[in-house]
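Throughout, a chain's letter reflects where its sequence line sits, starting with A, and its residues are numbered from 1.
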There are 2 protein chains.
Amino acid sequence: MRMTSQREIILEELKKLKNHPTADELYLVVKKRLPRISLATVYRNLEQMSEAGIIKKLEYSGRQKRFDGATHPHNHIHCIRCGRIADVKTRPGNSVHSIIKDAAGFQVIDDQIEFTGICPDCLTTENMGNSH
Amino acid sequence: MRMTSQREIILEELKKLKNHPTADELYLVVKKRLPRISLATVYRNLEQMSEAGIIKKLEYSGRQKRFDGATHPHNHIHCIRCGRIADVKTRPGNSVHSIIKDAAGFQVIDDQIEFTGICPDCLTTENMGNSH
DNA sequence: ATAAAAATAGTAATCATTATCAAATAGGAA
DNA sequence: TTCCTATTTGATAATGATTACTATTTTTAT
Ligand SMILES: [Mn+2]
Ligand SMILES: [Mn+2]
Ligand SMILES: [Zn+2]
Ligand SMILES: [Zn+2]
């Protein structure tokens with residue numbers, strides 16, 4: 001992945017922000033440094049960088065997608081009122097219960113494990129070998 | 001919550017389907033019994049019933065919302081290729097690792113705990129007492 | 001320098017969901 | 001039953017985030 005100036009600045013500003021911005025929030029910030037950048041460019045590069053694993057895309061909650069410059073494994077809590085997303089700090093050995101007590105001041109309502117993967121059907125199709 | 005015939009049939013058909021249908025998928029099924037029903041009515045009632053806790057709304061995955069007639073606590077795995085969502089059966093005492101091995105035939109790529117709650121700011125606003 | 005490939009800016013299109021609103025329906029009170 | 005009022009519905013318009021498109025610009029390789 002070649003680092004264009006747009007891509008570099010998008011990444012740089014995303015890493016500065018600790019609040020998991022949406023694409024358009026980040027666009028407003030980046031525009032201060034690159035006044036001619038297009039919103040489509042921000043979307044495009046965020047998508048590409050998340051596919052490349054340089055950043056992380058947070059798309060649970062059915063709302064706007066949010067992006068995270070911190071790629072180390074960590075969990076999030078999101079507010080059902082305003083949609084805000086915050087990190088949940090965990091240490092190895094912490095029980096879910098102890099995590100709940102220290103969820104960045106949130107009143108925790110629910111927790112569930114979200115698994116992602118590839119379903120049996122898609123695995124079969126993939127192995128038929130019409131990929132790349 | 002009064003049970004109109006539309007609402008009753010939407011709930012009935014949702015409970016029959018075990019594959020977490022989207023609103024429009026369920027609409028097609030319900031239309032066989034109520035040919036004059038509107039898609040908006042399906043959306044409206046799914047929203048209301050999920051607010052009432054009669055059904056569950058699954059909105060993680062960034063795609064179309066899906067609905068679940070089974071309200072007991074359970075986790076889901078979703079396919080990053082086709083978006084399909086399946087139940088993950090867990091028993092008390094199962095480690096996350098053992099769950100992963102039996103995730104309905106899926107190849108598991110990632111798991112994370114998703115917390116939902118109310119953020120400090122929204123809690124403050126709520127306690128100022130301009131609610132209901 | 002020239003040509004091919006990749007990326008960008010600007011804008012149009014998409015599509016799931018929500019909002020709107022006139023018409024239909026359902027309960028009650030009289 | 002009849003009339004009144006509140007709720008719900010069906011149809012359609014509006015919204016809004018994201019993606020697709022395309023002409024132009026920028027980069028890379030020859
Ligand atoms: Mn984070
Ligand atoms: Mn389920
Ligand atoms: Zn909040
Ligand atoms: Zn699949």
Side-chain angles (χ1 to χ4, degrees), chain A residues 1-14 20-52 54-68 78 80-85 132, chain B residues 1-14 19-52 54-68 78 80-85:
Chain A
M1 159 158 291
R2 194 157 64 75
M3 268 300 163
T4 66
S5 62
Q6 287 92 337
R7 199 167 289 158
E8 215 152 5
I9 290 175
I10 289 168
L11 179 59
E12 213 173 291
E13 295 300 328
L14 174 61
H20 312 90
T22 59
D24 55 308
E25 284 168 355
L26 186 56
Y27 166 67
L28 290 177
V29 173
V30 168
K31 212 161 61 162
K32 289 178 188 162
R33 292 178 62 186
L34 296 173
R36 311 215 40 184
I37 199 171
S38 157
L39 176 60
T41 301
V42 175
Y43 267 107
R44 196 190 315 117
N45 284 320
L46 286 173
E47 188 60 36
Q48 287 169 346
M49 288 191 289
S50 83
E51 248 169 65
I54 302 171
I55 66 173
K56 234 191 153 197
K57 180 167 50 166
L58 309 176
E59 45 183 345
Y60 51 111
S61 88
R63 300 166 176 251
Q64 270 175 282
K65 291 176 185 171
R66 292 179 172 273
F67 296 87
D68 196 337
H78 73 96
I80 56 171
R81 295 267 187 279
C82 65
R84 185 174 312 186
I85 293 184
H132 52 75
Chain B
M1 157 157 293
R2 197 169 99 247
M3 269 300 162
T4 65
S5 61
Q6 286 92 335
R7 199 166 289 158
E8 213 152 7
I9 289 175
I10 288 168
L11 179 59
E12 212 172 291
E13 294 301 326
L14 174 61
N19 56 331
H20 312 91
T22 60
D24 55 309
E25 285 169 354
L26 186 56
Y27 166 66
L28 291 178
V29 173
V30 168
K31 213 160 63 160
K32 290 178 187 161
R33 291 179 61 185
L34 295 173
R36 311 216 40 185
I37 198 170
S38 158
L39 176 58
T41 301
V42 174
Y43 268 105
R44 197 188 312 119
N45 284 320
L46 285 174
E47 188 60 38
Q48 288 170 344
M49 286 191 290
S50 83
E51 248 170 65
I54 303 173
I55 65 174
K56 233 189 153 197
K57 181 168 47 167
L58 309 175
E59 44 183 346
Y60 49 111
S61 88
R63 301 167 173 248
Q64 270 175 283
K65 291 177 186 171
R66 292 180 171 272
F67 296 87
D68 197 338
H78 73 94
I80 57 172
R81 295 266 188 282
C82 66
R84 185 175 313 185
I85 294 183

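The phosphate of C:dT8 (OP1 or OP2) has a side-chain N or O of A:Thr4 nearer than 4.0 angstrom. The phosphate of C:dT17 has OP1 or OP2 within less than 4.0 Å of a side-chain N or O from B:Tyr43. For the OP1/OP2 pair of D:dT26 and a distance below 4.0 Å, the side-chain nitrogens and oxygens of A:Gln6 include no atom meeting the criterion. A:Lys65 has a side-chain polar atom (N or O) that falls below the 4.0 Å cut-off from OP1 or OP2 of D:dT19.
Atom C1' of nucleotide C:dA16 and atom CG of B:Leu46 are separated by 14 Å, given to the nearest angstrom. Atom pair A:Lys57:NZ and D:dA17:C1' shows a separation of 13 Å (rounding to whole Å applied). For the pair B:Glu59 CD and C:dT17 P, the computed distance is 10 Å after rounding to whole Å. In this structure, A:Glu25 atom CD and D:dG16 atom P are separated by 15 Å, rounded to whole Å. The nearest whole Å value for the distance from the CD atom in A:Glu47 to the P atom in D:dA17 is 17 Å. Taking atom CD1 of residue A:Ile10 and atom P of nucleotide C:dA9, one finds them 8 Å apart after rounding to whole Å. Here D:dA17 presents its C1' atom at 13 Å from CZ of A:Arg66, a figure rounded to the nearest Å. Nucleotide C:dT11 holds its P atom 16 Å from the CD1 atom of A:Ile37, rounded to whole Å.
Mapped onto DNA chain C by nearest heavy atom, A:Arg36 and A:Gln48 fall at different nucleotides, with A:Gln48 at the one closer to the 5' end. When the nearest nucleotides of DNA chain D are assigned to A:Asp24 and A:Arg44 by heavy-atom distance, the more 5′-ward of the two goes with A:Asp24. In this structure, B:Thr41 and A:Arg2 both approach DNA chain D, and ranking their closest nucleotides by distance from the 5' end singles out B:Thr41.
By the 4.0 Å N-to-carboxylate-O rule, B:Glu13 lies too far from B:Lys32 to be salt-bridged with it. With respect to B:Arg66 and B:Glu25, a salt bridge is recorded, a charged nitrogen being found less than 4.0 Å from a carboxylate O. Between A:Lys57 and A:Glu51 there is no salt bridge, since no side-chain N of the basic residue sits under 4.0 Å from a carboxylate O of the acidic one.
Side-chain atoms of A:Leu14 and A:Leu46, non-hydrogen and from C-beta on, do get closer than 4.5 Å to each other.
Each of C:dT8, C:dA16, C:dA9 was ranked by its minimum atom distance to the side chain of B:Gln64; first place goes to C:dA16. When each of D:dT18, C:dT8, D:dA11 is scored by its nearest atom to the side-chain atoms of B:Ser38, the top-ranked nucleotide is D:dA11. Listed nucleotides: C:dA7, D:dA17, D:dT9. Nearest to the side chain of B:Arg7: D:dT9. The listed nucleotides are C:dA19, D:dT9, C:dA9; the one nearest the side chain of B:Ala40 is C:dA19.
When each of B:Ile10, B:Asn45, B:Ile9 is checked for a side chain to side chain contact (heavy atoms under 4.5 Å, CB included) with B:Ile37, only B:Ile10 meets the rule.
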